[in-house]
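Read through the structure below, which is laid out as structure tokens, and then see the notes.
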Amino acid sequence: MKTRPILLIFLCFILLSCGQNNLQNNSPDHHVVFTNVNLVTMDGEEILRNMDLLINGDRIERISSSGKIEIPNGAQVIEGNGSYLMPGLAEMHGHVPPVESSNLPQRYVDDVLFLYLAGGVTTVRGMLGHENQLLLKESVNNGDLLGPNLYLAGPSFSGGSINSVDEVADRVRNQVEEGWDLLKVHPGLTLEEFQAMAEVANEEGIAFAGHVPEDVGLENAIKLGQETIDHLDGYIAYMNAMEAPVEESELQDVVALTVENNVWVVPTQALWETLIGAADHEKLKNYDELKYMPPQVVENWLSFLDEGQRNTPFYSGEFAEVHAENRQRLLKALQDGGAKILLGTDAPQLFSVPGLAMKHELKIMEEAGMTPYEILKSGTYNVGEYFSDKDQFGTIKEGSRADLVLLNGNPFEDLTVIESHK
């Protein structure tokens, strides 16, 4: 799959006024040189200081101490002045709205893609396919449309889309033929349907990921080969951890199950605090980034807080704080136990504005006890490992795709520099 590099020279709200100037021309002989930058390579915690970096087309071609790179004629030179250059972040459980929607402005899709970039997100794993989305992906990855590199799941396998075991094989094979990157699992599948999906998916060499259906359960989902467990719900149900503090032994058991089966985990902690009723409503309502979403979307989110929250299957009522704490303890246990964590927010869902919601997810992961390096690794190095069969990115090294973000400060010392700009 052809992709192109993304250079985010300005972050957040400054980026919103900069447009296409922040995308590198990816023609083979187009050169960009960063001088005097500190490289946050994400291949370990060491920062390479006072470095120059040469990009040729869509690849990092050379890295050297400042002043040691011969600048090609016609190259675009970006003077770093001691700034910090790191790989762009990935949104590993995000969404791209339908290309055509009757109740939203036509520009909504373009705005969502651009907002991802505004938050420093250069790669999105879209977790619910829609009609024409593969054409959108092609336009974005070829550089014809502004947005992050896209890897897309097809329309979901759920209780609403699957009516019998007999339908499963054809649906899997159709999605493989159409070119989707993975299969999306939603609630409602029976164990027999899930088993059939897993069998054919494994035969066809396509991954399946997402929720853990209630009838399937965490252990079956993992042992049948589900590649990522998203949102932690399957873990919470498995441990019956919605209303009482989870035992440490239970945490260690599910960590062992996860690590032994080489499963990836996408926590989406900030969104789930909202869904279960543990988030501060006033803070949610006053998020500054809400102004970038269509008014009807924000109105729906506010209505959820005022009326709809108690009617969802996730709402925990008086047990919300215990439930939220169990999720945080689980995340910390998974990290400490060697499980592979992938960064995600489920944007654009409730109060999760694409890209700009990353700051809330980073904060809550830090509150769980993860270090800044561990958190950023979940959105860079780990993502590169997850997608290693498709491309090389997520680290700053020669040969990697040049998806880069320039920061004012050291993100290992202060994660909020992700929100700032040059």
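The model shown is predicted, which means the values in this text are computed figures rather than measured ones. What's counted below: heavy atoms across the whole structure, side chains too, no hydrogens, waters or symmetry copies.
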ask   = Between Gln175 and Glu204, does a side-chain contact (heavy atoms from CB on, under 4.5 Å) hold up when you go through it step by step?
value = CA-CA 10 Å; Gln175 292 197 12; Glu204 295 289 335; over 6 Å; no
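Remark: Glu214 engages no residue in a side chain to side chain contact (heavy atoms under 4.5 Å, CB included) (not counting sequence neighbours). For Glu385, the side-chain hydrogen bond (donor to acceptor under 3.5 Å, both in side chains) partners at least two apart in sequence or on another chain are Lys340. A search for side chain to side chain contact (heavy atoms under 4.5 Å, CB included) contacts involving Ala153 returns Met127, Leu182, Lys184, not counting sequence neighbours. Applying the side-chain hydrogen bond (donor to acceptor under 3.5 Å, both in side chains) test to Arg49 and every residue at least two apart in sequence or in another chain returns Tyr84. Remark: Phe304 pairs with Thr274, Leu275, Gln309, Thr312, Leu350 by the side chain to side chain contact (heavy atoms under 4.5 Å, CB included) rule, at least two apart or across chains. Checked against side chain to side chain contact (heavy atoms under 4.5 Å, CB included), Lys283 has the following partners two or more places apart in sequence or in another chain: Asp280.
The number of heavy atoms from other shown groups lying within 6.0 Å of CD (Gln252) is above 12. Other residues, nucleotides and ligands contribute over 12 non-hydrogen atoms within 6.0 Å of the CD atom of Glu248.
For the pairing with Leu53, the side-chain contact (heavy atoms from CB on, under 4.5 Å) check across Ile60, Leu48, Val33, Thr35 returns one residue only, Ile60. No option in Phe194, Phe157, Trp180 other than Phe194 meets the ring pair (Phe, Tyr, Trp, His ring centres under 6.0 Å) test with Phe208.
Using cut-offs of 30° and 60° on the angle between ring planes, the pair Trp264 and Tyr386 is perpendicular. A parallel orientation is assigned to the rings of Trp272 and His231, their planes being inclined by less than 30° (bins at 30° and 60°). By the 30° and 60° cut-offs, the orientation of the rings of Phe412 relative to Tyr373 is perpendicular. Taking the six-membered ring where the residue is Trp, Phe351 and Trp301 present tilted rings, their angle falling between 30° and 60°.
Neither side chain, Thr122 nor Arg401, offers a donor N or O lying under 3.5 Å from an acceptor on the other.
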